[in-house]
Amino acid sequence: MESGSGLDPGTGNNKGKGSGGERKFGAFLKRVEPFLPRKDLNPRDLRSWAKKSGFVSDYSGETSTSTTKFGESSDFFGLRKGTRDQNQTLPGKTEVDPILGRNRPEIEHITGSAPGFESGSREEEEERRLNRNEATSETESEGGKLNKDLEKGFYYPGGGELSEDGQWPKPILIKFGLRDNPGFVPLIYYGLQHYLSLVGSLVFIPLVIVPAMDGSDKDTAAVISTMLLLTGLTTILHSYFGTRLPLVQGSSFVYLAPVLVVINSEEFRNLTENKFRDTMRELQGAIIVGSLFQCILGFSGLMSLLLRFINPVVVAPTVAAVGLAFFSYGFPQAGTCVEISVPLILLLLIFTLYLRGVSLFGHRLFRIYAVPLSALIVWTYAFFLTIGGAYDYRGCNADIPSSNILINECKKHAYTMKHCRTDASNAWRTASWLRIPYPFQWGFPNFHMRTSIIMIFVSLVASVDSVGTYHSASMLVNAKRPTRGIVSRGIALEGFCSLLAGIWGSGTGSTTLTENIHTINITKVASRRALMIGAMFLIVLSFLGKIGAILASIPQALAASVLCFIWALTVALGLSNLRYTQTASFRNITIVGVSLFLGLSIPAYFQQYQPLSSLILPSYYLPFGAASSGQFQTGIEQLDFAMNAVLSMNMVVTFLVAFVLDNTVPGNKEERGVYVWTRVEDMKMDPEMQADYSLPRKFVQIFGCRCC
């Protein structure tokens with residue numbers, strides 16, 4: 001018999017009474033070996049015991065007592081009998097669970113110096129410490145335990161592994177939590193700080209799509225103002241009626257690729273009169289249809305069912321493909337003015353990587369304001385180049401369209417002047433001081449099946465993107481994960497926000513910005529109030545036409561350089577979702593690799609059959625011109641246009657491949673990193689969680705529905 005084991009003397013076939021029974025019982029005791037404390041304990045075993053006994057697996061994160069008295073069971077762990085009482089816990093530090101945001105006890109080593117433990121020699125401690133890294137885990141038992149934890153609503157990052165020192169992973173420290181109110185002045189500061197760190201994602205999309213639609217500088221300024229207004233409105237709506245997480249809503253890069261596909265199709269690129277307004281009205285109609293589909297997906301409960309099939313192995317390559325879709329646009333556009341683009345990219349890398357730990361005035365300004373600081377410095381540098389005559393060419397005028405230039409030398413320099421000069425835009429001169437964006441400002445939307453089908457697929461991809469952002473954000477702010485109903489509510493509200501974007505005519509739909517995760521991580525501020533106050537400032541700024549004009553005056557090469565960094569960050573944020581899975585799993589590696597490769601290769605197949613497009617479109621627009629000349633040909637013009645466009649978009653193909661593979665290839669929950677959402681029953685019993693996610697009281701009282 002191994003030491004530390006025993007038999008229950010109260011069981012067996014010993015039915016004798018009196019002295020005979022006592023003699024047999026005495027003989028039984030003589031056969032029982034004395035208990036000796038184990039010398040080869042592993043921290044993993046302690047953690048497993050802690051989960052089973054209720055010290056860790058209790059949902060609230062607090063210690064719970066077992067049905068067996070602690071004094072009776074303490075002998076098994078080498079505790080001196082009588083030194084601990086029933087309601088006391090093992091000695092150890094109390095740390096915060098990085099996922100749930102609750103306290104959990106940290107189980108110390110048995111050989112520690114805490115009173116009540118059998119202490120061992122230093123040599124034995126050192127030997128156990130060395131053996132800890134060499135100990136191999138039993139795969140089946142570990143997987144089974146983690147699957148049970150997943151079913152209960154727990155998840156441990158990194159596949160449930162301990163850190164190198166055997167401790168629980170440390171949570172991210174947040175300055176202000178979800179419901180914190182630091183005061184009015186700090187709220188203004190932190191609110192503006194949040195939006196300034198997202199400025200590249202908020203205002204640079206119009207600098208890409210409006211020139212592609214042959215819009216004027218005044219049109220660019222108007223679209224920027226419209227986006228500022230919608231960002232403010234939709235963020236406030238989401239903070240009150242969506243998931244209520246501290247997430248900024250706005251024009252997402254998920255919608256940028258399909259917008260460019262529509263713009264560069266033969267039907268719209270050959271328009272001569274009113275090209276901007278006609279294309280914008282077509283986009284408005286498609287966005288409205290896609291947003292209605294997203295609303296139905298959320299309000300009907302279909303999203304709750306779909307969540308069972310959306311996991312990190314699906315989200316990671318899909319979001320990464322959103323950024324990779326613009327690799328042919330990024331530096332080819334930025335390279336038109338390398339004296340601006342290269343210094344800007346270098347500054348962004350220096351600020352975000354090399355100077356990220358430098359603190360000025362108590363704040364890490366270089367890390368938080370990397371994009372606006374870099375853009376402002378290089379924009380000033382470009383201004384001095386412009387006034388210094390670096391882009392002055394004899395007999396050439398930057399205000400003359402390149403199609404009207406007769407001198408060959410000027411035609412050669414027209415592209416450089418347009419992309420590099422800081423005075424090439426006349427938005428400041430043409431924009432009014434006060435302009436309030438209004439619904440249907442470009443005219444009534446046009447509705448066609450071909451573009452509507454495209455936006456329905458895109459709204460589905462946008463929903464998948466948002467699911468990953470919801471999950472990551474809830475973990476980042478140390479809150480419990482929302483229920484499936486809350487996620488569906490957030491998706492439905494995103495559909496409503498996209499509906500507003502289609503009505504106002506921002507050119508793209510509205511969704512949760514993936515860059516929110518990076519912003520919360522670097523600012524350490526997750527206050528809903530701060531986001532709402534910042535959103536109010538955006539609404540006010542959208543009424544000032546000159547603000548949009550200033551942003552519209554940013555040189556296109558400078559904007560493309562910033563977008564290169566943001567798209568690369570989007571790829572990284574997408575792939576970071578794999579940290580919830582077993583990243584070394586061959587299954588996951590294969591699914592992600594195949595999804596990304598086919599997501600880039602299949603669209604390239606549809607994009608290569610464009611004999612006329614290659615003669616008309618610039619090289620950086622060619623990947624977005626396959627809608628009219630792809631290989632999908634059924635004779636139904638509307639369907640052919642839609643399917644060629646869908647199959648030429650990297651993110652859609654990547655999502656479809658990853659979705660099918662992840663849900664058909666066998667794999668356990670630990671390996672797949674399955675998203676675990678809180679159950680409604682658990683939320684009803686947790687008042688703190690209700691305060692985080694429940695709808696405002698007045699709204700509930702009026703409508704009598706919590707929609708959770």
Side-chain angles (χ1 to χ4, degrees), residues 201-235 237 249-265 267-269 271 273-295 427 430-432 434-448 450-452 454-456 458-459 462 494-511 513 535 538-539 541-545 547-549 551-552:
S201 303
L202 294 176
V203 302
F204 282 177
I205 289 180
L207 298 178
V208 176
I209 63 175
V210 177
M213 292 188 283
D214 288 348
S216 63
D217 297 327
K218 184 179 179 180
D219 294 330
T220 304
V223 174
I224 291 177
S225 297
T226 303
M227 283 192 173
L228 293 177
L229 172 65
L230 290 170
T231 299
L233 286 175
T234 55
T235 300
L237 288 173
Q249 309 294 301
S251 297
S252 172
F253 295 117
V254 175
Y255 285 91
L256 180 56
V259 166
L260 291 176
V261 167
V262 174
I263 292 172
N264 291 288
S265 62
E267 288 80 351
F268 296 98
R269 70 180 180 223
L271 294 176
E273 296 182 2
N274 300 321
K275 179 179 178 180
F276 170 75
R277 287 183 175 269
D278 290 343
T279 309
M280 182 64 79
R281 289 163 57 197
E282 184 75 24
L283 292 173
Q284 285 182 257
I287 292 170
I288 289 174
V289 174
S291 65
L292 293 176
F293 170 80
Q294 198 171 13
C295 287
T430 57
S432 58
L434 182 64
R435 184 187 184 277
I436 300 177
Y438 55 92
F440 305 121
Q441 55 188 328
W442 315 116
F444 193 78
N446 294 327
F447 297 93
H448 293 100
R450 56 188 180 187
T451 51
S452 298
I454 296 173
M455 288 303 171
I456 287 174
V458 173
S459 64
E494 285 191 16
F496 178 74
C497 294
S498 290
L499 178 64
L500 296 180
I503 292 173
W504 256 266
S506 64
T508 64
S510 179
T511 186
L513 299 180
L538 287 187
I539 293 174
L541 292 177
S542 69
F543 299 154
L544 303 177
I547 298 296
L551 297 174

Visitor: I need the minimum non-hydrogen distance between Gly509 and Ile287, along with the two atoms involved.
Guide: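 For Gly509 and Ile287, the tightest heavy-atom pair comes out as N-CD1, 3.8 Å.
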
Visitor: Are more than 12 heavy atoms, taken from residues, nucleotides or ligands other than Phe496, located less than 6.0 Å from that residue's CZ atom?
Guide: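 No.
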
Visitor: Looking at every heavy atom in both Ile209 and Gly507, which two are closest together, and how far apart are they?
Guide: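 Heavy atoms only, the tightest pair is CD1-CA, 4.2 Å.
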
Visitor: Counting C-beta onward and ignoring hydrogens, is there a side-chain heavy-atom pair between Leu283 and Met213 closer than 4.5 Å?
Guide: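 Heavy-atom side-chain distance check passes, below 4.5 Å.
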
Visitor: The criterion is salt bridge (Lys or Arg N to Asp or Glu O under 4.0 Å); which residues satisfy it with Arg281, sequence neighbours excluded?
Guide: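 For Arg281, the residues satisfying salt bridge (Lys or Arg N to Asp or Glu O under 4.0 Å) (neighbours in sequence not counted) are Asp278.
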
Visitor: With no hydrogens and no angle check, just 3.5 Å: does a side-chain donor-acceptor pair link Thr220 and Asp217?
Guide: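 Asp217 and Thr220 do not have a side-chain donor-acceptor pair below 3.5 Å.
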
Visitor: List, one per line, each side-chain donor-acceptor pair under 3.5 Å for residues 250-263, sequence neighbours excluded.
Guide:
residue: Ser251; atom: OG; partner: Thr508; partner atom: OG1; Å: 2.9
residue: Ser252; atom: OG; partner: Val254; partner atom: N; Å: 3.1

Visitor: Quick one: does any side-chain atom of Trp504 pair with a main-chain N or O of Thr226 as donor and acceptor, under 3.5 Å?
Guide: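 Not a single qualifying donor-acceptor pair exists.
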
Visitor: What's the separation between atom CG in Leu230 and atom CD1 in Ile539, rounded to the nearest 0.5 Å?
Guide: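 Result: 9.5 Å between the selected atoms.
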
Visitor: Would you list the pairs meeting salt bridge (Lys or Arg N to Asp or Glu O under 4.0 Å) in which at least one residue belongs to residues 204-215, sequence neighbours left out?
Guide: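 Counting only pairs at least two positions apart or across chains, the salt bridge (Lys or Arg N to Asp or Glu O under 4.0 Å) contacts touching residues 204-215 are Asp214-Lys275.
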
Visitor: How far apart are the closest heavy atoms of Ser510 and Ser498, and which atoms are they?
Guide: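 So the minimum-distance heavy-atom pair works out to O-OG, 2.8 Å.
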
Visitor: Enter the distance from Leu228:CG to Leu551:CG here, rounded to the nearest 0.5 Å.
Guide: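 Taking CG in Leu228 and CG in Leu551, the distance rounds to 7.0 Å.
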
Visitor: Using 0.5 Å steps for rounding, measure from the OG atom of Ser432 to the CG atom of Leu544.
Guide: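 CG of Leu544 is found 10.0 Å from OG of Ser432.
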
Visitor: Give every residue pair that meets the salt bridge (Lys or Arg N to Asp or Glu O under 4.0 Å) criterion with at least one member in residues 434-448, sequence neighbours excluded.
Guide: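 Applying salt bridge (Lys or Arg N to Asp or Glu O under 4.0 Å) to every pair that reaches into residues 434-448, excluding sequence neighbours, yields nothing.
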
Visitor: For residues 282-294, which residue pairs qualify under side chain to side chain donor-acceptor pair (under 3.5 Å), counting only residues two or more places apart or in two chains?
Guide: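 Side chain to side chain donor-acceptor pair (under 3.5 Å) check on residues 282-294 returns Glu282-His448, Glu282-Thr451, Gln294-Ser463.
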
Visitor: What pairs with Val289 under side-chain contact (heavy atoms from CB on, under 4.5 Å), at least two apart in sequence or on another chain?
Guide: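 Result, side-chain contact (heavy atoms from CB on, under 4.5 Å) vs Val289: Phe447, Ser452, Ile456.
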
Visitor: Does the pair Val223 and Phe276 meet the rule for a side chain to side chain contact (heavy atoms under 4.5 Å, CB included), with working shown?
Guide: CA-CA 11 Å; Val223 174; Phe276 170 75; 4.0 Å; yes

Visitor: Looking only at non-hydrogen atoms, find the nearest pair between Arg450 and Phe268 and report the distance.
Guide: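 Residues Arg450 and Phe268, closest heavy atoms: NH2-CZ, 3.9 Å.
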
Visitor: If you round to the nearest 0.5 Å, how far is CE of Met455 from CD1 of Ile288?
Guide: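 CE of Met455 is found 11.5 Å from CD1 of Ile288.
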
Visitor: Atom CD1 in Ile436, atom OG in Ser542: separation rounded to 0.5 Å?
Guide: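 Atom-to-atom, Ile436:CD1 and Ser542:OG are 8.5 Å apart.
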
Visitor: Measuring from atom SG of Cys497 to atom CG of Leu499, what distance do you get when rounded to the nearest 0.5 angstrom?
Guide: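 It is 9.5 Å, given to the nearest 0.5 Å.
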
Visitor: Is the shortest heavy-atom distance from the side chain of Gln249 to the side chain of Leu237 under 4.5 Å?
Guide: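 No; the side chains remain at least 4.5 Å from each other.
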
Visitor: Could you report the tightest heavy-atom contact between Gly285 and Pro445, atom names first, then the distance?
Guide: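 Minimum heavy-atom separation between Gly285 and Pro445: N-CB, 3.6 Å.
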
Visitor: Could you pull out the closest heavy-atom pair between Thr511 and Glu494, with the gap in Å?
Guide: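 Nearest heavy atoms, Thr511 then Glu494: OG1-OE1, 2.8 Å.
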
